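These notes concern the structure reproduced below.
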Amino acid sequence: EADIYQTPRYLVIGTGKKITLECSQTMGHDKMYWYQQDPGMELHLIHYSYGVNSTEKGDLSSESTVSRIRTEHFPLTLESARPSHTSQYLCASSDMQNYGYTFGSGTRLTVV
Amino acid sequence: GENVEQHPSTLSVQEGDSAVIKCTYSDSASNYFPWYKQELGKGPQLIIDIRSNVGEKKDQRIAVTLNKTAKHFSLHITETQPEDSAVYFCAASRIWGGADGLTFGKGTHLIIQP
C-alpha cells in the first residue's frame, strides 16, 4: 500500500502551459525527491529536499522548480511546458533512519 | 559525480533458474547500494540494500554481493518465478539511505520464461 501519492496519473497538455505535478506523503518523511524517467527507463534526479524550506537541484538540469512549505507536500512546477518535457516524473521520500526510498506511482506527462 | 553502469540491459531466464545482474560504480566514496524493482505502471520498490562494510546480504531468494575494491556489486535471484519479471535498478550514494540523492543504473529488463 503506497503512502506517497502523485497526481495526476496522466497529463496531456499544450506547449507553453504552466503545470504543477503534485506529490504528497503521509509517512512524515523529511526527505523528498523528484526523478525524471525517460522512455528507456533511466532515472535522473532533478530535485530533492532535506525538509521544510529546503530545496536542492539534482544531477539533471531541469527547467522545473519545486517548493517545500509543508513536510508532506513537494510539488513540481513547469512554468512553460515544452515537448522536450514529455516524460514520466516520479516522486519519492525517505526518513531520518534512511531505510531507502518509497516511490509514488508517477505522473506520465505528454506535451503536445 | 557518481556513474553507475548496469548489465545486462535485458535478461531472459527459464522459470526456476537463477538470474544475476551486475553493476559497477565510479565514486570510491559511495557507501550505500540499494536495488529496486519496478513493475509495469508502478514506481520502483526497494527490494534489498547493502552498505559498504558488508560483503553479502540475503533475503529469502534474493542476495546482493559487494566488492568494494573492484567497485562492483551484483543482485542474485534464485528459483525465479513469473512474478520476478520486472525492471531492476541498482543504485549508489555516499550517504546511507541515499539522503543526498541516489544515482541509478540504466535498468535490467528481467523476463522469466515459463
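Predicted, not measured: the structure shown is a model, and the values here were computed from it. Note on naming: letters A, B, ... go to the chains in the order of the sequence lines (proteins, then strands), and numbering restarts at 1 for each one.
- Interface remark: B:Glu2 contributes no atoms to any contact with chain A (heavy atom separation under 4.5 Å).
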Full working for side-chain contact (heavy atoms from CB on, under 4.5 Å) between A:Met41 and B:Phe89: CA-CA 9 Å; A:Met41 301 298 284; B:Phe89 294 94; 4.0 Å; yes
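- Within 6.0 Å of CD in B:Gln60 there are 12 or fewer heavy atoms belonging to other residues, nucleotides or ligands.
- Linking ILVMFWY residues whenever their side-chain heavy atoms come closer than 4.5 Å, directly or via other members, places B:Val4 and B:Leu110 in the same cluster.
- Heavy atoms closer than 4.5 Å to chain A are found nowhere in B:Pro34, neither backbone nor side chain.
- Grouping the Ile, Leu, Val, Met, Phe, Trp and Tyr side chains by contacts below 4.5 angstrom, directly or via other members, places A:Phe74 with A:Leu11.
- Within 6.0 Å of CD in B:Gln45 there are 12 or fewer heavy atoms belonging to other residues, nucleotides or ligands.
- Both B:Tyr88 and B:Phe73 are members of a single hydrophobic cluster when ILVMFWY side chains are connected at heavy-atom separations under 4.5 Å.
- The candidate from B:Pro44, B:Gly1, B:Ser93, B:Gly105 with the greatest count of non-hydrogen atom pairs under 4.5 Å with chain A is B:Pro44.
- Taking hydrophobic clusters as Ile, Leu, Val, Met, Phe, Trp and Tyr residues chained together by side-chain heavy-atom distances below 4.5 Å, A:Tyr101 does not share a cluster with B:Ile62.
- A:Gln88 touches chain B through its side chain: at least one heavy atom from C-beta onward sits under 4.5 Å away, while N, CA, C and O do not.
- Side-chain contact check for A:Phe103 versus B:Gln38: every heavy-atom pair is 4.5 Å or farther apart.
- At a 4.5 Å heavy-atom cutoff, A:Arg108 makes no contact with chain B through either its backbone or its side chain.
- Taking the side chain as every heavy atom from C-beta outward, A:Asp38 and B:Lys106 never approach each other to under 4.5 Å.
- Ranked by heavy-atom pairs shorter than 4.5 Å toward chain A, the options B:Ala91, B:Ser9, B:Gly101 are led by B:Gly101.
- By the criterion of side-chain heavy atoms lying less than 4.5 angstrom apart, applied directly or through intervening Ile, Leu, Val, Met, Phe, Trp or Tyr residues, B:Ile48 is not grouped with B:Tyr32; the two fall into different hydrophobic clusters.
- Of the two parts of A:Glu56, neither the backbone nor the side chain holds a non-hydrogen atom closer than 4.5 Å to a non-hydrogen atom of chain B.
- Checked by atom type and distance alone, the side chain of A:Tyr33 never pairs as donor or acceptor with a backbone atom of B:Leu102 at under 3.5 Å.
- Atom NZ of B:Lys22 has 12 or fewer heavy atoms from other residues, nucleotides or ligands within 6.0 Å.
- For chain B, the option among A:Leu45, A:Leu90, A:Asp59, A:Leu43 with the highest count of heavy-atom pairs below 4.5 Å is A:Leu43.
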